[in-house]
A.B. asks: 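Structure incoming, see below.
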There are 2 protein chains.
Amino acid sequence: MRPTVHDIAAEAGVSLATVDRVLNNRPGVRAVTRGKVEQAIATLGYVRDVAAANLAKGRGYSLNFILPAGENSFMRGLEAEVRAAKAHLASERTEITIRCVPAFDASALADALAEARRQRPAGVAVVAVDAPEVVRAVEELRQEGIAVVTLVSDLPGSTRDHFAGVDNIAAGRTAGNLMGRFLGDRAGPVAVVAGSMLVRDHRERLEGFQAVMHECFETRLLLPVVEGQDDAALVEKLVGGLIERHPDLAGIYSLGAGNRGLVAALEKAGKAEAVCAIAHELTPHSRAALLSGTIDVLLNQDAGHEIRSAIRVLKAKADGLPVIEAQERIRIDIFLKDNLPNGQA
Amino acid sequence: MRPTVHDIAAEAGVSLATVDRVLNNRPGVRAVTRGKVEQAIATLGYVRDVAAANLAKGRGYSLNFILPAGENSFMRGLEAEVRAAKAHLASERTEITIRCVPAFDASALADALAEARRQRPAGVAVVAVDAPEVVRAVEELRQEGIAVVTLVSDLPGSTRDHFAGVDNIAAGRTAGNLMGRFLGDRAGPVAVVAGSMLVRDHRERLEGFQAVMHECFETRLLLPVVEGQDDAALVEKLVGGLIERHPDLAGIYSLGAGNRGLVAALEKAGKAEAVCAIAHELTPHSRAALLSGTIDVLLNQDAGHEIRSAIRVLKAKADGLPVIEAQERIRIDIFLKDNLPNGQA
DNA sequence: GATATTTTGATTTACGTACATCAAAACTTC
DNA sequence: GAAGTTTTGATGTACGTAAATCAAAATATC
């Protein structure tokens, strides 16, 4: 049987009340007595039963998730994962609230954060927009002792407790490495389609991609970046133009959303096979394109992992517990058609 | 506030005892009354507080892990992850016991399973050896209501509750796809080094690799498989021989262990750059070789994820709860030097 | 050595659920 | 409608910890 507080009291030769004072570091215990209790804890190997403790404290965790609204299928997938976690955690004294705000709108996000603060949750997870007013709103949350985790897109310059997302520079480098190797000696330039250079993760992916191309495949011509605003129709038009202007186009790296447009343009031009296409995020559409061969590689961040990691971290921070960084690292999934998971998404 | 059993009783206009009878489906409740209670549960949105319930039940989970002994660094990594989980779960009424048995020894494994049965744990996780006596031992555990999860290597033909490991056919296919694409038009044959064809996961990786090479890169010559017994010295000798006999060797797929030998042979022959090497499992050595460029791709299964998944599943099964298969799928990590995690391992 | 102060003990209640007991009420059945 | 059976209520204890109260003991202060 695991030792309880009673066992500690007996072992240390003190009362239950004193053990409680030591365990919850309340005042009124002499150093000698505290030592005896700590000794007993050590020899018996006592560990506090967190479930019982939370029950006694009447503690619950209330968490707020703030996500961008809109059609972005990755974000909608994220939201679905939050809802799934919410259902699952209902039995574990954890209550989750979801709030959607217009995408890329810093002031709307700052307002949402201010409102979250009024609800005094234990923690807030937010897909950050990189702007000063957002940083300020986060700081105010932190000052009230509310834990903050940034999700997918980080907020440097703030004191957020943690970032639950992938290393986008590494993602871009990975795309560059694969592009360079897949093309081998084949001639022709490589194009890059971004969503918007205003978004931090896109900037970082581009940075990584260009770095590797310059370091390792310096003879390959990189065309100037075009911005598709994560909009399928615009992406299709832009990629169509690229193919027309560069009939020998060898590869395309699409580091934002709007993959439907990318796929449509490649297939209409009959370039599905000839052009090596690397894109981001596994969705039903991108999955189909990977299987058909139009897309050659998909880089992905697992939304479910990000959400569950964010929740674990928020709870730990709310309890003042340490976080195991290695366990919370979100990996970059590389999907070829041969290692696609069978399930949904 | 979340509703409690008391709220249900009040809402349904029955006593606490009746609510309890319904919740834990004990006998002695008329259908009408049961209906009233269920209605109240639905309207109030009651969810049982599992922490409080476990506390009341005095329930704890005792889990047994049975792993292969020996020098295999992947297995030692697994064991380290089990120990880490054990420490972490001490505060959550979960007790983990680890037992190591000689590798590839079916009867020793069957004995260990029989002994585990005597301890009557809630669940057992085991790295299976694919043999009839092991299947029998697993069946006996299952008949006593003990949950069983196979780890890393599955046990088809048994009624184990779950397999926590990667799809090794997909892993082999992935290796084949990458090998074919990385080589492109470069001439030369490809060699495969396995550990032993007696081991199921090695057989499956080989099967996947060969399938893709034949389907998609049919002009590429595949040399006959050599078996290195997961032994670094033997692997080094075998690979050295391959390089001598085939000066134009283009690629090597090492689907087992003994990567140290692979790396040594390639580097001694001055073929570190020329030969495309794909191997399995991220260890300090393979990591270094990936960074230096001797190994081009590492496929990996995350030991920590496998262990934590096994624990979640065992607990769920012990409670008779459903498992979210999508959440428990163990992915195949593909590591290039650009997306290596920073941490340990 | 009397008084003030700090430290400790003993005891109680609470958290939300499980489980047991015994009595009371509601039904069957003939 | 009496006897038997099933259903329901009322109540208490337990799980391991938190938190509070008040009294008792130990120590410090002058």
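Throughout, protein chains are lettered first and strands after them, A, B, ... in sequence-line order, and every chain is numbered starting at 1. Since we're looking at a predicted model, the values are computed, not measured. Values reported hereafter were calculated over all heavy atoms of this structure, with side chains retained and with hydrogens, waters and symmetry mates removed.
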A.B. asks: Starting at CD1 of B:Ile8 and ending at C1' of C:dA18, how long is that distance when rounded to a whole Å?
C.D. replies: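 Rounding to the nearest Å, CD1 of B:Ile8 and C1' of C:dA18 are 16 Å apart.
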A.B. asks: Please give, in whole Å, the distance from D:dA20 C1' to A:Lys57 NZ?
C.D. replies: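 My rounded result for the distance is 16 Å.
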A.B. asks: Counting only side-chain heavy atoms from C-beta out, which of D:dT17, C:dA18, C:dG16 sits nearest to B:Asp49?
C.D. replies: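 That would be C:dG16.
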A.B. asks: Quick check: does any side chain N or O of B:Asp319 sit under 3.5 Å from a backbone N or O of B:Leu321, one acting as donor and the other as acceptor?
C.D. replies: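 No; zero donor-acceptor contacts below 3.5 Å.
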A.B. asks: Could you check which residues of residues 10-24 of chain A get a heavy atom under 4.0 Å from DNA chain C? Sort them by number, please.
C.D. replies: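 Contacting residues: A:Gly13, A:Val14, A:Ser15, A:Ala17, A:Thr18, A:Arg21.
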A.B. asks: Just checking B:Arg93: base, sugar-phosphate only, or nothing, at a heavy-atom cut-off of under 4.0 Å?
C.D. replies: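 Here B:Arg93 touches the backbone only, sparing every base.
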A.B. asks: Establish, with yes or no, whether the OP1 or OP2 oxygen of D:dC15 is under 4.0 angstrom from a side-chain nitrogen or oxygen of B:Arg59.
C.D. replies: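 B:Arg59 to D:dC15 OP1/OP2: no side-chain N or O under 4.0 Å.
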A.B. asks: Let me know the distance between CG of A:Leu55 and C1' of C:dT17, rounded to the nearest Å.
C.D. replies: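 It works out to 8 Å between those atoms.
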A.B. asks: Identify all pairs in which a protein N or O lies below 3.5 Å from an N or O of nucleotides 3-6 of chain D, and state each distance.
C.D. replies:
none

A.B. asks: Only one of A:Val5, A:Asn24, A:Ile41 forms a side-chain contact (heavy atoms from CB on, under 4.5 Å) with A:Arg48, so which one is it?
C.D. replies: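 The residue from A:Val5, A:Asn24, A:Ile41 that satisfies side-chain contact (heavy atoms from CB on, under 4.5 Å) with A:Arg48 turns out to be A:Asn24.
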A.B. asks: Looking across every strand, which nucleic acid part, if any, lies under 4.0 Å from A:Arg2 by heavy atom: base, sugar-phosphate, or nothing?
C.D. replies: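 Contact class for A:Arg2: none.
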A.B. asks: Can you tell me if A:Arg26 touches the phosphate of D:dA20, counting only side-chain N or O atoms and a distance under 4.0 Å to OP1 or OP2?
C.D. replies: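 Answer no for this pair, as no side-chain N or O of A:Arg26 is under 4.0 Å from OP1 or OP2.
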A.B. asks: Could you tell me the separation between the CG atom of A:Asp7 and the C1' atom of D:dT17, rounded to a whole number of Å?
C.D. replies: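 That distance rounds to 13 Å.
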A.B. asks: Nearest of D:dT17, D:dA19, C:dG16 to any side-chain atom of A:Tyr46?
C.D. replies: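 Comparing D:dT17, D:dA19, C:dG16 against the side chain of A:Tyr46, the answer is D:dT17.
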A.B. asks: In whole Å, what is the span from the CZ atom of B:Arg48 to the C1' atom of D:dC15?
C.D. replies: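 Spelled out: CZ on B:Arg48 to C1' on D:dC15 is 16 Å.
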A.B. asks: With B:Arg160 as the cation and B:Phe163 as the aromatic partner, state whether NZ or CZ is under 6.0 Å from the six-membered ring centre and within 45° of the axis.
C.D. replies: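 Not satisfied by the 6.0 Å and 45° rule.
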A.B. asks: Give me the one residue out of B:Leu151, B:Leu113, B:Val127 that meets side-chain contact (heavy atoms from CB on, under 4.5 Å) with B:Ile66.
C.D. replies: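 Of the listed options, the one satisfying the test is B:Leu113.
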A.B. asks: Want to settle it: does B:Val5 or A:Pro27 sit nearer the 5' end of DNA chain C, counting the closest nucleotide to each?
C.D. replies: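 Taking each residue's closest nucleotide, the earlier one in sequence belongs to A:Pro27.
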A.B. asks: Nearest whole Å is fine: how far is D:dA18 P from A:Asn25 CG?
C.D. replies: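 Distance, rounded to whole Å: 11 Å.
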A.B. asks: If I take atom NE2 in residue B:His6 and atom P in nucleotide C:dA14, what distance separates them, rounded to the nearest angstrom?
C.D. replies: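 That distance rounds to 11 Å.
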